[in-house]
Enquirer: 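Questions regarding the structure given below will be posed in turn.
Note that the coordinates shown come from a computational prediction; the quantities given were computed from them, not determined experimentally. A, B, ... follow the sequence lines: proteins, then strands. Residue 1 opens every chain.
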2 protein chains.
Amino acid sequence: MTVDLDLDRYLPYLLNRAGARIAAAFTGVARDYGITLPMWRVLAVLNHHGALRVGGLARLTTIDVSTLSRVLDGMERKGLVARRRGGGDQRSVTVETTGAGRDLTAKVVPVAHHYEDVALTGFDAAEARALKAMLIRLFENLDRLDDDLRAEQRDAG
Amino acid sequence: MTVDLDLDRYLPYLLNRAGARIAAAFTGVARDYGITLPMWRVLAVLNHHGALRVGGLARLTTIDVSTLSRVLDGMERKGLVARRRGGGDQRSVTVETTGAGRDLTAKVVPVAHHYEDVALTGFDAAEARALKAMLIRLFENLDRLDDDLRAEQRDAG
DNA sequence: TATTGTTATACTCTATAACTATA
DNA sequence: TATAGTTATAGAGTATAACAATA
């Protein structure tokens, strides 16, 4: 080891490895149902939160707005979601699932639960809870970091 | 909520969100040093494990072999790594960092540590250890799942 | 015959910026 | 002027399969 970075205990590496594995597994599932992984993320978020504006959907799916716009194009072509302008602010676009979108979601959700169960094999309920709580704290810390970086750039620019 | 999938407690979602955030942050860092995130992953793995064959490097970076082949093309053009054929099996190609690659790694590692510290703000040492241990178990469970799926496909095909 | 790695190809995602419409 | 979303575009990653060389 030339420089001191112990990958086996380096959080971003461990997070990426686990995330890549679970994403790869679910990419296969999504394909079985004729969609991509980002499309499944959109369906899952809409299922949980109901109709959302594009910006909010982008934040909740961690998909960039411009990328999401194209993902939604594809989903509209497949008849899974519908976009409508307005709802107060006429600049905004609200996205909601169609009946077909909800049907597909209902089919995939049990598989999603199964994969989570497999991932958590050997974890007891308390451990699983603790893991999820820590992932949430991690995300919030990084969220704050993002804000700080933006503030620095604003001050510098 | 139409179907029962509580995203706020759904592990793959939480993992993806945290992973996406940390990847976005580190994509910016990598760019500051003139490389991409996958290139940084390659440098970090080579730094930790020493010279590796392409296959092993692909496994340890969670980058597909064919994708990695192109990433390495770019890194060779930048003079960060060198490939050499052989070392026993003449089909294999061994990848190692150059002096410039090691210099760059040495510059990025402190930043990597900083980002880990920020991500773990508010975690005590025991919590951080527990989180990392659980991420490793998670990965191993999914690894086994991957093997099982491959076995099923083999049996089916 | 199977495996290692590269190459071809086509597709998806990503990121920046320019643009339209509205606020 | 600023914001919401789309579109243009170029690039980077991904996946499958075909391929060359070696085992």
Side-chain angles (χ1 to χ4, degrees), chain A residues 16 19-21 23-32 34-42 51-59 61-78 81-95 146 150 153-154 157, chain B residues 16 19-21 23-28 30-32 34-42 51-59 61-78 81-95 146 149-150 153-154 157:
Chain A
N16 172 65
R21 272 305 156 100
F26 226 79
T27 295
V29 174
R31 187 174 35 209
D32 290 343
I35 56 176
T36 63
L37 185 54
M39 287 178 183
W40 157 244
R41 288 198 185 117
V42 168
L52 283 170
R53 294 166 54 161
V54 173
L57 191 54
R59 224 173 332 100
T61 53
T62 62
I63 299 173
D64 242 60
V65 180
S66 76
T67 303
L68 178 59
S69 201
R70 293 172 183 290
V71 172
L72 292 174
D73 287 345
M75 294 181 79
E76 255 186 339
R77 274 196 299 274
K78 286 173 183 293
V81 300
R83 280 188 271 209
R84 61 182 154 74
R85 195 119 224 158
D89 190 332
Q90 281 304 117
R91 292 172 303 182
S92 73
V93 169
T94 298
V95 185
D146 254 32
R150 257 195 288 280
Q153 284 174 355
R154 216 179 18 252
Chain B
N16 172 64
R21 272 303 157 99
F26 226 80
T27 295
R31 187 173 36 208
D32 290 344
I35 56 176
T36 64
L37 186 54
M39 288 180 182
W40 158 244
R41 288 197 185 119
V42 168
L52 284 170
R53 294 166 54 160
V54 172
L57 192 54
R59 225 172 332 100
T61 53
T62 61
I63 300 173
D64 242 61
V65 180
S66 77
T67 303
L68 178 58
S69 202
R70 294 171 183 290
V71 171
L72 291 175
D73 286 346
M75 294 182 78
E76 255 185 338
R77 274 197 297 274
K78 287 174 182 293
V81 300
R83 280 189 270 209
R84 62 184 154 72
R85 195 120 225 156
D89 190 332
Q90 281 304 117
R91 291 172 303 182
S92 73
V93 169
T94 298
V95 184
D146 253 31
L149 285 175
R150 257 194 290 279
Q153 284 174 354
R154 214 180 20 250

Enquirer: Please determine whether a side-chain nitrogen or oxygen atom of Ser69(B) lies at a distance below 4.0 Å from atom OP1 or OP2 of dT7(C).
Expert: no
Enquirer: In whole angstrom, what separates Trp40(B)'s CH2 from dG13(D)'s P?
Expert: 16 Å
Enquirer: Look at the side chain of Asp89(A) and the backbone N and O of Arg91(A), then say whether any donor-acceptor pair between them is shorter than 3.5 Å.
Expert: yes
Enquirer: Closest approach of Gln90(A) and Arg85(A), non-hydrogen atoms and distance?
Expert: O-NE, 3.3 Å
Enquirer: Contact class for Ser66(B) (heavy atom, under 4.0 Å): base, sugar-phosphate, or nothing?
Expert: base
Enquirer: In whole Å, I'd like the distance from the CG atom of Leu52(B) to the C1' atom of dT4(C).
Expert: 15 Å
Enquirer: Arg91(A) has an atom CZ; how far is it from atom P of dT6(D), in whole Å?
Expert: 14 Å
Enquirer: Before giving the answer on side chain to side chain contact (heavy atoms under 4.5 Å, CB included), spell out for Arg53(B) and Val95(B) the whole-Å C-alpha distance, their side-chain angles and the decisive distance to 0.1 Å.
Expert: CA-CA 6 Å; Arg53(B) 294 166 54 160; Val95(B) 184; over 6 Å; no
Enquirer: Determine: side-chain N/O of Arg31(B) to OP1/OP2 of dG11(D), distance under 4.0 Å, yes or no.
Expert: no
Enquirer: How is Val65(B) classified with respect to the nucleic acid when contacts are heavy atoms under 4.0 Å: base, sugar-phosphate, or nothing?
Expert: base
Enquirer: Between Gln90(A) and Asp64(A), just flag the one whose closest nucleotide in DNA chain C comes earlier from the 5' side.
Expert: Asp64(A)
Enquirer: I need the CZ-P distance between Arg85(A) and dT22(C), as an integer number of Å.
Expert: 7 Å
Enquirer: Please report the distance, rounded to the nearest Å, between CG in Leu72(B) and C1' in dT4(C).
Expert: 14 Å
Enquirer: Check Thr61(A), Val71(A), Leu72(A) against Met39(A) for a side-chain contact (heavy atoms from CB on, under 4.5 Å) and give me the one that passes.
Expert: Val71(A)
Enquirer: Hey, does the side chain of Arg83(A) come within less than 4.0 Å of dT6(D)'s phosphate (OP1/OP2), counting only N and O?
Expert: yes
Enquirer: If only side-chain N and O atoms of Thr67(A) are considered, is one of them under 4.0 Å from the OP1 or OP2 phosphate oxygen of dT12(C)?
Expert: no
Enquirer: Whole angstrom is fine here: how far is it from CG in Leu68(B) over to C1' in dA15(D)?
Expert: 15 Å
Enquirer: Any sub-3.5 Å donor-acceptor pair from Lys78(B)'s side-chain atoms to Gly34(B)'s backbone N or O?
Expert: yes
Enquirer: Using atom CE of Met39(A) as one end and atom C1' of dT12(C) as the other, report the distance to the nearest whole Å.
Expert: 9 Å
Enquirer: Assign each of Ser92(A) and Arg70(A) to its nearest nucleotide of DNA chain D by heavy atoms, then name whichever residue's nucleotide is nearer the 5' end.
Expert: Ser92(A)
Enquirer: Would one find a side-chain N or O of Arg53(B) under 4.0 angstrom from OP1 or OP2 of dG5(C)?
Expert: yes
Enquirer: Nearest whole angstrom, please: distance from the C1' of dT4(C) to the CZ of Arg59(B).
Expert: 13 Å
